[in-house]
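The first residue of the sequence shown is numbered 1, and numbering continues consecutively from there.
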Amino acid sequence: MSTSKTKDKYQIAVVPGDGIGKEVMEATLFVLDSLDIDFDYVYGQAGDECLEKTGTALPSETLDIIRNADACLFGAAGETAADVIVKIRQEMKMFANLRPVKTYPNTDSLFENIDFMIVRENTEGMYIADEESYTDEGAVAKRIITREAEKRIIDYAFNYAVENNKSKVTAVHKANVLKKTDGLFKEIFYEVAKDYPDIATEDFYVDATAMYLITQPESFEVIVTTNLFGDILSDEGAGLVGGLGLIPSANIGEDAALFEPVHGSAPDIAGQGIANPIAMMLSAVMMLRYIGENEAADRFDAAILKVLNDGNILTGDLGGSATTMELAEAVKDNL
């Protein structure tokens, strides 16, 4: 995942977006600025408010800012999320979506010692959104699975396992029903696996995987799957470890990367200063690793863990009464 690069100054595209996206972004930049790293933030607009203000949810200027940056931090988008995030992924060819699922202390996690990564193909499958118009009989949508894209994401998953000392990769599909598309995915998975003889492999149907995530989540290390299945399983994973407020994500391409929490804009609590910023902060930790600042990433990650472990300064969703910025200050104090 890391670019293995270190520079004197990083240009970071910052797109706060809508609702609590602005609040969790402010809290995260507050902590990032405490690290001994020189960041040049370039701000872009996107989302519902941008659409209302400019007539477009994702201006070309914002795409250019992301394209020219070393990495992008994104807050949240509201109703326009599909028009924003999906388009950014496609325009920037961000083919890999990474969703870590990890147990943290003082949360509503259903299990202890969960720590696995979902590697999701980001550019095809059902999310190409190629749907025919409605007829009296119904509607039709295409599902595209190509050898090139699936080989790329499967190879990425195995490489991630090697780089992060994981011993097993699990493929998730529905090849018993989708014999051509998911049949191809399964075939490619075992072809690529031959290049990684030290990594154990297994494959499950997506419905079985949904059950196994409840009955034996500790058995997973790296899951690789197609776009729609990965999206669904990621939210199930969030439910295992206490909710979307604790789940970061990364969108990685050959030349661009975007990091965002997987929660939405939460308009019901926006503007109140009570949003949990941890998912945004953990996304920033993933960004630091991507740009090669691993020591800073370790410090940031450890500070978040210390605050959660202490359990004294937590937001309402975690059972506390702290504000967004009070939690950010606690993390900063523990760097």
Side-chain angles (χ1 to χ4, degrees), residues 1-47 50 58-59 61-77 84-85 88-89 91-92 94 96 98 100 247-263 273 275-307 324-335:
M1 179 177 166
S2 172
T3 61
S4 299
K5 63 181 181 179
T6 304
K7 304 199 307 190
D8 294 332
K9 191 170 190 175
Y10 298 97
Q11 182 170 306
I12 305 299
V14 176
V15 185
D18 299 315
I20 65 168
K22 299 174 184 178
E23 299 163 49
V24 298
M25 183 69 76
E26 179 187 6
T28 299
L29 297 183
F30 174 76
V31 181
L32 278 176
D33 286 339
S34 300
L35 300 170
D36 189 22
I37 303 173
D38 194 357
F39 292 116
D40 179 18
Y41 302 126
V42 184
Y43 286 80
Q45 299 182 79
C50 181
L58 182 62
E61 294 86 350
T62 300
L63 281 171
D64 289 339
I65 288 170
I66 298 171
R67 186 176 288 111
N68 294 326
D70 293 303
C72 174
L73 287 174
F74 187 92
V84 175
I85 290 298
I88 290 173
R89 290 168 179 166
E91 288 283 335
M92 302 291 125
M94 296 176 180
L98 305 184
I247 302 292
S249 75
N251 298 278
I252 308 292
E254 296 292 344
D255 302 306
L258 179 148
F259 302 85
E260 59 168 335
V262 300
H263 60 64
N276 180 357
I278 287 177
M280 184 77 247
M281 290 183 180
L282 291 171
S283 299
V285 170
M286 296 180 79
M287 182 197 75
L288 288 169
R289 297 199 192 285
Y290 171 79
I291 63 176
E293 295 289 349
N294 292 309
E295 182 180 352
D298 289 344
R299 289 178 59 208
F300 200 165
D301 199 27
I304 294 169
L305 182 60
K306 180 68 163 55
V307 170
T324 305
M325 288 307 298
E326 285 172 345
L327 195 152
E329 289 167 359
V331 172
K332 178 183 175 181
D333 290 344
N334 280 284
L335 282 175

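When every heavy atom of Ala257 is checked against every heavy atom of Ile252, the shortest pair comes out as CB-CD1, 3.8 Å. Nearest heavy-atom pair across Leu58 and Thr62 is CD1-CG2, 4.0 Å. Heavy atoms only, all atoms of each residue included: Pro248 and Val262 are closest at O-CG1, 4.0 Å. Closest non-hydrogen pair, His263 versus Ala76, comes out as O-CB, 4.3 Å. Looking at every heavy atom in both residues, Pro277 comes nearest to Val24 through CA-CG1, 3.7 Å. Looking at every heavy atom in both residues, Lys306 comes nearest to Asn334 through CG-OD1, 3.3 Å.
Atoms CG and CD1, from Leu327 and Ile304 in turn, are 9.0 Å apart once rounded to the nearest 0.5 Å. From Asp301, atom CG reaches atom CG of Leu288 across 10.0 Å, with rounding to the nearest 0.5 Å. Here CE of Met287 is found 9.5 Å from CG of Asp70. Values are rounded to the nearest 0.5 Å. Between Leu63 atom CG and Ile88 atom CD1 the span is 6.0 Å, to the nearest 0.5 Å.
Residues forming a salt bridge (Lys or Arg N to Asp or Glu O under 4.0 Å) with Asp64 (at least two apart in sequence, or on another chain): Arg67.
Considering only heavy atoms from C-beta on, Pro59 comes within 4.5 Å of Cys50 through its side chain. Between Pro261 and Ser283, some side-chain heavy-atom pair lies under the 4.5 Å cut-off. Counting heavy atoms from C-beta outward, Asn276 and Thr324 have side chains that stay 4.5 Å or more apart. Side-chain contact between Leu73 and Val15 is absent, with no heavy-atom pair separated by less than 4.5 Å. Proximity of Ile278 to Val331: side-chain heavy atoms (C-beta onward) are nowhere separated by under 4.5 Å. Leu32 places none of its side-chain heavy atoms less than 4.5 Å from the side chain of Met281. At a threshold of 4.5 Å between non-hydrogen side-chain atoms, the residues Ile66 and Met94 count as touching.
Ion pairing between Asp298 and Arg289 holds under the 4.0 Å rule for side-chain N and carboxylate O.
Taking the six-membered ring for Trp and the full ring otherwise, Phe259 and Phe74 have centroids separated by 6.0 Å or more.
Residue pairs that meet the salt bridge (Lys or Arg N to Asp or Glu O under 4.0 Å) test with at least one member in residues 254-263, sequence neighbours left out, are Arg89-Glu260.
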Just list the side-chain donor-acceptor pairs under 3.5 Å for residues 34-47, sequence neighbours left out, or say none.
unit_1, atom_1, unit_2, atom_2, d
Ser34, OG, Phe30, O, 3.4
Tyr41, OH, Asp33, OD1, 2.9

Check the pair Met92 / Leu258 against side-chain contact (heavy atoms from CB on, under 4.5 Å), numbers first and verdict last. CA-CA 9 Å; Met92 302 291 125; Leu258 179 148; over 6 Å; no

